[in-house]
2 protein chains.
Amino acid sequence: MKPWAPSEIVVDLNGPEPLYSQVARQIGAAIEDGRLPNGARLDNELDLAARLHLSRPTIRQAIQSLVNQGLLVRKRGVGTQVVRTKVARPLRLSSLFDDLSELGDKPESVVLVNRVEPAGDDAIEHLEAPGLTHVRRLKRVRSTGGEPLAIMNNYLPDGIVDPADDELREKGLYQLLRSAGVRLHAAQQNVGARQATEEDAELLDEKPGAALLTMRRTTYDDSGKVVEYGWHVYRASRYSFNLSLTNNV
Amino acid sequence: MKPWAPSEIVVDLNGPEPLYSQVARQIGAAIEDGRLPNGARLDNELDLAARLHLSRPTIRQAIQSLVNQGLLVRKRGVGTQVVRTKVARPLRLSSLFDDLSELGDKPESVVLVNRVEPAGDDAIEHLEAPGLTHVRRLKRVRSTGGEPLAIMNNYLPDGIVDPADDELREKGLYQLLRSAGVRLHAAQQNVGARQATEEDAELLDEKPGAALLTMRRTTYDDSGKVVEYGWHVYRASRYSFNLSLTNNV
DNA sequence: GAGTGGTCTAGACCACCTT
DNA sequence: AGGTGGTCTAGACCACTCA
């Protein structure tokens with residue numbers, strides 16, 4: 001197969017978007033919409049650089065970002081090829097609310113608890129903040145299409161966000177944190193399963209003993225501080241996690 | 001706090017390991033073992049380059065790889081800081097067997113099915129290979145410490161690997177694939193839950209109705225071909241998934 | 001042997017943050 | 001104003017793959 005001639009790529013030398021980003025975005029779009037099908041060979045780096053009147057390192061930076069996203073594979077002595085697996089994006093730092101919103105569902109929430117309370121040993125341990133005196137405690141039931149989907153319990157260190165119940169109904173927790181200037185950096189999640197208790201069953205409109213997905217999560221910000229600890233349960237009949245893994249670092 | 005003076009870093013100009021990799025590895029090690037604690041500032045790029053007698057792009061490449069791993073954060077105008085969250089590694093392309101082996105458990109397997117059979121519509125669809133005529137079908141029960149842990153069902157396109165039952169007992173499927181020269185590239189996983197059926201219960205030594213974790217997985221190689229499709233069930237009382245997410249691309 | 005990506009250098013200018 | 005990381009250039013040599 002003939003290597004792709006990037007006649008369609010145009011770069012704006014004076015625009016605000018970095019050159020490598022412009023190139024990466026346009027090649028990525030060509031892969032997404034099928035102009036660059038699975039297995040297609042990309043032009044080599046030197047030719048690409050010459051045609052776009054850019055330097056080779058700039059081209060390499062563009063290609064590298066696509067390799068990191070898992071859309072391209074480079075092999076020394078061979079070339080660069082498209083590997084379009086079924087799923088494009090690796091796992092992101094997103095919340096249930098974000099995911100549902102992207103799918104076009106309109107999530108609804110009932111806020112059961114939203115208050116600041118003295119920090120117990122449990123909260124102090126999970127938030128990894130020994131001197132903490134107060135925590136915000138949240139308990140919400142998330143629904144879509146009028147059917148309950150999940151029970152969401154959260155601890156947050158007091159003072160990070162101060163949401164009204166209305167805001168909690170209309171926005172996801174991650175959205176609120178980002179709006180408050182928190183720079184989310186990493187999260188550690190544990191996913192398991194258990195049977196529904198009486199209380200679970202009542203809140204989720206399930207029968208006691210039904211299978212539930214459980215998720216415990218600790219979220220960290222840029223400075224390494226814990227900004228949120230949550231333990232959630234999902235109705236297994238209505239929800240499951242999708243994960244994309246790639247082999248890149 | 002004073003920026004870290006990298007007196008401990010030494011580079012071997014003639015060794016086989018790339019310079020940026022040597023630098024990244026040694027800084028990474030300093031973070032792991034606490035010489036560079038959480039929040040510590042790294043020397044700026046120009047000073048680092050001057051002290052190590054390397055160029056700035058090489059230093060940047062080293063730092064970038066650590067940023068991609070989520071160990072460092074760069075802020076323009078500020079500097080580079082260590083963000084040591086509880087968990088170091090992002091999600092890798094690993095199998096249950098790999099994970100258990102790392103934990104020191106010695107996994108045992110019972111091979112219930114290991115044969116090549118004509119490909120049904122189901123297998124053809126999941127392996128995304130329309131012309132496929134034969135598939136290898138695996139069904140195994142994985143145990144640790146004498147207790148069953150999971151039932152693992154797999155389809156593989158015929159001809160990729162041809163394992164004896166002995167090999168399946170002693171090695172993980174991903175190990176076998178790598179040994180056979182398959183370059184694993186990406187996987188798409190779906191994690192859910194359900195209650196145990198009579199058959200599940202018997203194989204896993206659980207009661208019918210017990211909570212089980214379910215995982216469906218499609219694994220792709222470098223060329224974008226499906227190399228494996230699997231549907232597994234785990235005893236929720238003995239197993240859960242740990243995921244680390246970072247915000248980097 | 002020809003072609004590819006992998007690594008590395010020595011500069012340059014800019015955007016952003018802090019003081 | 002000074003210091004930081006972000007971007008970009010124009011070369012160079014090497015290692016690997018394939019015909």
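Quick note on labels: first sequence line is chain A, next is B, and so on, each numbered from 1.
An OP1 or OP2 oxygen of dT4(C) is reached within less than 4.0 angstrom by no side-chain nitrogen or oxygen of Arg74(A). At the phosphate of dG6(D), OP1 or OP2 sits under 4.0 Å from a side-chain N or O atom of Arg60(B). Side-chain nitrogen and oxygen atoms of Asn44(B) include at least one within less than 4.0 Å of the OP1 or OP2 phosphate oxygen of dT4(D). Within the 4.0 Å cut-off from OP1 or OP2 of dT7(C), at least one side-chain nitrogen or oxygen of Tyr20(B) is found.
Per the geometry, CD belonging to Gln64(B) stands 16 Å off C1' belonging to dC8(D), to the nearest Å. Counting to the nearest Å, the P atom of dT17(D) and the CZ atom of Arg41(A) are 15 Å from each other. The distance between atom CD of Gln61(A) and atom C1' of dG6(C), rounded to the nearest whole Å, is 16 Å. Distance Glu45(A) CD to dT7(C) P: 11 Å, rounded to the nearest Å. Rounded to an integer number of Å, the gap from CG of Leu42(B) to C1' of dG5(D) is 12 Å. One interatomic measurement links the two molecules: CG of Leu48(B) to P of dT4(D), which rounds to 11 Å at whole-angstrom precision. Computed from coordinates, the Asp12(B) CG to dC8(C) C1' distance equals 15 Å when rounded to whole Å.
One N or O on the side chain of Gln22(B) and one on the backbone of Glu17(B) form a donor-acceptor pair closer than 3.5 Å. Counting only distance, with no hydrogens or angles, the side chain of Gln26(A) and the backbone of Val10(A) share a donor-acceptor pair below 3.5 Å. Within the 3.5 Å criterion, the main-chain N or O of Gly39(A) finds a donor-acceptor partner in the side chain of Gln81(A). Using modelled atom types, no side-chain atom of Asn154(A) and backbone atom of Leu156(A) make a donor-acceptor pair closer than 3.5 Å.
Between Ser21(A) and Lys75(A), the residue whose closest nucleotide on DNA chain D is further toward the 5' end is Ser21(A).
Each of Ile31(A), Val82(A), Leu36(A) was scored for a side chain to side chain contact (heavy atoms under 4.5 Å, CB included) with Leu42(A), with one residue passing: Leu36(A).
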*Take Val111(A) and Leu138(A) through the test side chain to side chain contact (heavy atoms under 4.5 Å, CB included) and record every step on the way to the result.*
CA-CA 8 Å; Val111(A) 179; Leu138(A) 300 179; 5.8 Å; no

Report each atom pair, protein N/O against N/O of nucleotides 9-15 of chain C, whose distance is under 3.5 angstrom.
| unit_1 | atom_1 | unit_2 | atom_2 | d |
| --- | --- | --- | --- | --- |
| dT9(C) | OP2 | Ser55(B) | N | 3.0 |
| dT9(C) | OP2 | Ser55(B) | OG | 2.7 |
| dT9(C) | OP2 | Thr58(B) | OG1 | 2.4 |
| dA12(C) | N6 | Arg56(B) | NH1 | 3.2 |
| dA15(C) | O4' | Arg76(B) | NH1 | 3.2 |

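Evaluation of the ring pair (Phe, Tyr, Trp, His ring centres under 6.0 Å) rule for Tyr229(B) yields His126(B), Trp231(B) as partners, not counting sequence neighbours.
Defining each end axis of the helix from dG1(C)-dC18(D) to dT18(C)-dA1(D) as the rotation carrying four pairs' C1' atoms onto the next four, with five pairs an end, the two axes are found to diverge by 20° to 10 degrees.
In plain terms, the two heavy atoms of Asn114(A) and Ala164(A) that are nearest each other are ND2-C, 4.0 Å.
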